[in-house]
Amino acid sequence: QLTKRLGVDTTKKIVVFPHRPDPDKGFLVALAALKYALQYDPNLLLLIPEPPKSVKAVRTRESDFFSYLRDEVKKLNLEDYVIFHPWINIGEMPEYYSLADYCLALSNLPEGFGLSMLQPISCLTPVISTPAGAVSELLPENHGIKLVPFDDVEMIAAELLDTPCDDSAQNGRDYIKKNYDLS
């Protein structure tokens with residue numbers, strides 16, 4: 001149902017980018033990596049949620065950035081490869097992550113616990129992430145997170161073009177279940 005509602009072609013390699021609209025979250029890097037990767041694989045599809053209704057103080061800034069992001073998609077001729085969709089409710093996030101081949105987390109901001117990395121891996125969706133903050137300490141190597149250098153468009157594109165290793169995400173899921181309880 002979610003794929004129909006979002007207009008997602010499930011024959012494509014789906015990449016989700018479920019982050020609030022902030023320039024430091026890596027949106028422009030994600031678009032550049034997508035553009036680069038499409039040269040080699042035209043079957044990629046990037047899903048970006050529209051901003052949630054945030055606190056009043058940042059709504060205008062987030063809305064302005066999102067408008068800028070839409071313009072960038074047009075400038076880069078990525079309209080056929082990027083789907084902007086309504087914010088996903090928390091109860092639908094497992095289904096959302098599960099429909100993806102990859103989840104991107106390309107922040108330049110120091111991340112704390114990194115729930116946005118652990119949630120997709122718990123749904124067996126590998127994450128391509130920068131080592132922002134504590135991210136590199138969340139899981140052992142080969143446990144669902146591929147770390148890429150900040151703003152390295154070619155490396156991110158190479159990871160998008162790679163076939164995810166099923167064992168890696170399963171290793172991550174098992175580790176999360178064993179080491180991180182719900183609290």
Side-chain angles (χ1 to χ4, degrees), residues 2-3 6 8-20 24-27 29-49 81-83 85 88 90-183:
L2 185 61
T3 55
L6 298 179
V8 174
D9 179 352
T10 56
T11 65
K12 303 277 187 185
K13 190 176 197 179
I14 298 169
V15 181
V16 295
F17 198 80
H19 305 285
R20 64 182 172 75
D24 290 323
K25 286 291 190 175
F27 284 92
V29 174
L31 294 180
L34 175 66
K35 179 80 173 178
Y36 189 90
L38 285 167
Q39 298 174 74
Y40 304 97
D41 184 356
N43 290 311
L44 292 165
L45 187 62
L46 179 63
L47 277 59
I48 300 176
Y81 305 98
V82 176
I83 292 178
H85 60 79
I88 302 296
I90 191 74
E92 293 179 305
M93 289 306 288
E95 183 181 0
Y96 183 71
Y97 287 131
S98 296
L99 69 87
D101 294 284
Y102 280 113
C103 179
L104 294 177
L106 305 176
S107 183
N108 284 324
L109 299 170
E111 298 290 341
F113 179 64
L115 194 56
S116 63
M117 274 58 92
L118 297 181
Q119 288 174 331
I121 293 168
S122 294
C123 297
L124 298 177
T125 300
V127 175
I128 300 169
S129 178
T130 58
V135 170
S136 62
E137 300 168 22
L138 290 174
L139 296 168
E141 193 172 328
N142 193 31
H143 280 66
I145 295 180
K146 290 277 192 164
L147 294 176
V148 293
F150 295 101
D151 302 324
D152 191 332
V153 170
E154 289 184 23
M155 178 79 96
I156 296 162
E159 293 298 338
L160 287 174
L161 295 167
D162 195 15
T163 301
C165 173
D166 290 339
D167 290 347
S168 178
Q170 184 63 57
N171 292 344
R173 182 180 184 168
D174 293 344
Y175 185 91
I176 291 165
K177 188 175 182 180
K178 181 178 177 186
N179 293 284
Y180 296 114
D181 63 20
L182 288 177
S183 61

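What's counted below: heavy atoms across the whole structure, side chains too, no hydrogens, waters or symmetry copies. Index from 1, following the sequence.
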- Between L47 and L99, is a side-chain contact (heavy atoms from CB on, under 4.5 Å) present by the stated rule, with each step listed? CA-CA 11 Å; L47 277 59; L99 69 87; 4.2 Å; yes
- Message: How long is the straight-line distance from CG of L139 back to CG of L118, given to the nearest 0.5 Å?
- Response: 5.5 Å
- Message: Is there a side-chain contact between V148 and L106 in this structure, where contact means two heavy atoms from C-beta onward sitting under 4.5 Å apart?
- Response: yes
- Query: Hey, what do you get for CG (D101) to CG (L45), rounding to the nearest 0.5 Å?
  - Reply: 10.0 Å
- Query: Can you tell me how far OG of S122 sits from CE of M93, rounded to the nearest 0.5 angstrom?
  - Reply: 12.0 Å
- Side chains of I14 and T3: does their closest heavy-atom pair fall under 4.5 Å? no
- So which heavy atom on S129 is nearest to which on V135, and how close? OG-CG1, 3.5 Å
- Query: Under 3.5 Å, is there a donor-acceptor pair between the side chain of T125 and the main chain of Y97?
  - Reply: yes
- Task: Search all heavy atoms of A157 against all heavy atoms of A33 and return the closest pair with its distance.
- Result: CB-O, 3.6 Å
- Is a side-chain donor or acceptor of N171 paired with a backbone partner of N142 at a separation under 3.5 angstrom? yes
- Query: With a cut-off of 6.0 Å (strictly less than), are more than 12 heavy atoms of other residues, nucleotides or ligands near CD of E141?
  - Reply: no
- Message: L104 and side chain to side chain contact (heavy atoms under 4.5 Å, CB included): which single residue from I48, L46, L34, V127 fits?
- Response: L46
- Item | Approximate separation, where rounding is to 0.5 Å, of L147 CG and S136 OG | 6.0 Å
- Query: So, do L138 and Y180 sit near enough that their side-chain heavy atoms are less than 4.5 Å apart?
  - Reply: yes
- If you round to the nearest 0.5 Å, how far is CD of E95 from CG of L6? 8.5 Å
- Message: Determine whether a donor-acceptor pair (N or O, by modelled atom type, separation under 3.5 Å) exists between the side chain of T130 and the backbone of S107.
- Response: yes
- Heavy-atom pair with the smallest gap, counting every atom of E159 and Y102: O-OH, 3.3 Å
- Which class fits the ring pair H19 and F17: parallel under 30°, tilted 30 to 60°, perpendicular over 60°? perpendicular
- Could you pull out the closest heavy-atom pair between K13 and T163, with the gap in Å? NZ-N, 4.5 Å
- How far apart are the C-alpha atoms of L2 and V8, what are their side-chain angles, what is the distance that settles it, and do they pass the side-chain contact (heavy atoms from CB on, under 4.5 Å) test? CA-CA 8 Å; L2 185 61; V8 174; over 6 Å; no
- Return yes when atom NZ of K146 has more than 12 non-hydrogen atoms of other residues, nucleotides or ligands closer than 6.0 Å, and no otherwise. no
- Residue pair Y96 / C123, side-chain heavy-atom distance below 4.5 Å: no
- Return the minimal non-hydrogen interatomic distance between H143 and P140, and the atom names on each side. CB-O, 3.1 Å
- Message: Counting C-beta onward and ignoring hydrogens, is there a side-chain heavy-atom pair between L44 and Y81 closer than 4.5 Å?
- Response: no
- Between P18 and C103, is any pair of side-chain heavy atoms under 4.5 Å apart? yes
- Considering only heavy atoms from C-beta outward, does the side chain of T11 approach that of N43 to under 4.5 Å? no
- Between L161 and A37, what is the shortest heavy-atom contact and its length? CD2-O, 3.6 Å
- Item | Y36 and L160, any side-chain heavy atoms less than 4.5 Å apart | no
